[in-house]
Number of protein chains: 2
Amino acid sequence: MATPDPDRPGFLLPLLLLAGFRTLIDDLHAELARQGHPDLRPLHGFVLQAVGNGTTASELGQRLGVSKQAAGKTVDRLVALGYLERADDPADARRKLVRPTDRGLDGLRRSAVVFDQLRDRWAATLGPDRVAAIEDDLRRMVPADVFRLDVPGWFGT
Amino acid sequence: MATPDPDRPGFLLPLLLLAGFRTLIDDLHAELARQGHPDLRPLHGFVLQAVGNGTTASELGQRLGVSKQAAGKTVDRLVALGYLERADDPADARRKLVRPTDRGLDGLRRSAVVFDQLRDRWAATLGPDRVAAIEDDLRRMVPADVFRLDVPGWFGT
DNA sequence: GTACGATGGTCAACGTGGTTGACGAAATAG
DNA sequence: CTATTTCGTCAACCACGTTGACCATCGTAC
């Protein structure tokens with residue numbers, strides 16, 4: 001059975017939250033692919049956001065809630081794709097700074113624009129107040145330390 | 001930066017939807033672990049739901065939107081964990097029926113109960129009407145073919 | 001100034017959840 | 001009876017995560 005059992009109303013909520021998320025993410029990446037970023041994966045947007053203007057792999061791992069090794073591997077892939085670059089830290093020979101490239105910044109800016117458009121589309125259907133109400137409600141239900149990115153288990157399985 | 005840029009309001013919605021989903025799933029599995037199912041992973045609930053009273057690996061793959069090979073591997077793991085069992089189809093020697101074991105049914109029932117309790121908890125905080133409103137709104141925004149389970153990309157990365 | 005603990009990056013091995021391609025066995029269509 | 005389709009499986013691979021180990025470097029304490 002594909003759709004959840006109506007006798008189990010609790011199944012509906014997580015399913016719809018996931019479906020809503022996936023809808024937005026799928027729309028985003030379809031649009032990003034059209035705009036010259038076909039190899040940007042759902043994970044990458046979060047990583048680029050977390051990199052910001054520059055960090056290290058360890059700090060990135062903390063922000064994303066994963067090990068520094070996992071963060072390092074993800075950085076490797078994004079470097080290979082041309083979205084990030086590494087540079088030595090002149091002040092500390094152990095640290096390697098991770099920075100977005102121009103392409104990385106372009107992807108990030110386009111993501112922001114597309115997400116804004118998608119939110120507008122939701123507002124056009126549901127009304128701006130209901131979208132804001134969903135955001136308010138969810139913000140009340142998710143623990144503050146889950147809403148921040150620096151907590152384990154944000155993505156992936 | 002961990003929290004999204006407030007100048008980019010669009011980032012908020014997907015982040016909160018994911019956070020809401022993860023909060024429910026994390027709470028569910030913390031409770032399931034307490035109730036004797038510590039090795040049930042987030043994915044497994046969907047799979048058990050999709051198996052229902054019995055299917056084959058191929059059909060399961062279609063329902064879950066993944067390849068039959070991926071479905072087969074997941075069934076392997078759930079068989080090893082004691083949640084599913086395979087049996088030959090007397091009517092078709094190619095097919096192998098996949099059925100939940102008693103333990104699988106127990107996990108499924110407990111998941112349903114816990115999800116219902118979690119939804120009640122949300123209703124106690126937000127009010128039953130707002131929870132229902134979130135469900136209604138999300139149902140309007142997700143394409144029907146995404147809400148059904150038999151579409152690619154439901155879980156995982 | 002040197003010894004030492006904490007930190008940053010990397011390597012290796014592994015687990016899980018996916019993919020595609022190939023292939024044999026069994027059912028079905030002509 | 002033969003051709004095609006379907007089911008299950010094997011193999012190779014990829015993305016993303018884990019632990020454990022290790023070395024280089026930094027900061028501190030003596």
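Computed from a predicted structure; not experimentally measured. Residue numbers begin at 1 in each chain, while the letters A, B, ... track the order of the sequences.
- Donor-acceptor pairing under 3.5 Å, judged by distance alone, is absent between the side chain of Glu59(A) and the base of dG8(C).
- One interatomic measurement links the two molecules: CG of Leu81(B) to C1' of dT16(C), which rounds to 12 Å at whole-angstrom precision.
- Contact check on Glu59(A) versus Arg63(A) returns a salt bridge, with a Lys/Arg side-chain nitrogen under 4.0 Å from an Asp/Glu carboxylate oxygen.
- Between Arg94(A) and dC22(D) there is no side-chain N or O to OP1 or OP2 distance below 4.0 Å.
- Atoms NE2 (His44(B)) and C1' (dG18(C)) sit 13 Å apart, rounded to a whole Å.
- The separation between Asp92(A) atom CG and dA6(C) atom P is 17 Å, rounded to whole Å.
- Shown here is Asp102(A), whose CG atom has no more than 12 heavy atoms of other residues, nucleotides or ligands within 6.0 Å.
- Within 4.0 Å (heavy atoms only), Ser58(B) reaches sugar-phosphate atoms of the nucleic acid but no base atom.
- No donor-acceptor contact under 3.5 Å links the side chain of Gln69(A) to the base of dG8(C).
- For the OP1/OP2 pair of dG17(D) and a distance below 4.0 Å, the side-chain nitrogens and oxygens of Thr74(A) include at least one atom meeting the criterion.
- Using a 4.0 Å heavy-atom criterion, one finds that Ser67(A) contacts the bases of the nucleic acid, with or without backbone contacts as well.
- For a distance-only test at 3.5 Å, the side chain of Lys96(A) fails to qualify as a donor-acceptor partner of the base of dG9(C).
- Across dG17(D), dG9(C), dA27(C), the shortest atom-to-atom separation from the side chain of Lys68(A) is found for dG9(C).
- Counting to the nearest Å, the P atom of dC26(D) and the CG atom of Asp88(A) are 11 Å from each other.
- Comparing Arg77(A) and Arg95(B) against DNA chain D, the residue whose closest nucleotide sits nearer the 5' end is Arg95(B).
- To the nearest 0.5 angstrom, Leu81(B) atom CG is 8.0 Å from Arg103(B) atom CZ.
- Rounded to an integer number of Å, the gap from NZ of Lys73(A) to C1' of dC11(C) is 10 Å.
- Residue contacts shown for Ala70(A) include a base, since a base heavy atom lies under 4.0 Å away.
- Taking all atoms of both residues into account, the shortest heavy-atom contact from Ala71(A) to Ala57(A) is CB-O, 3.5 Å.
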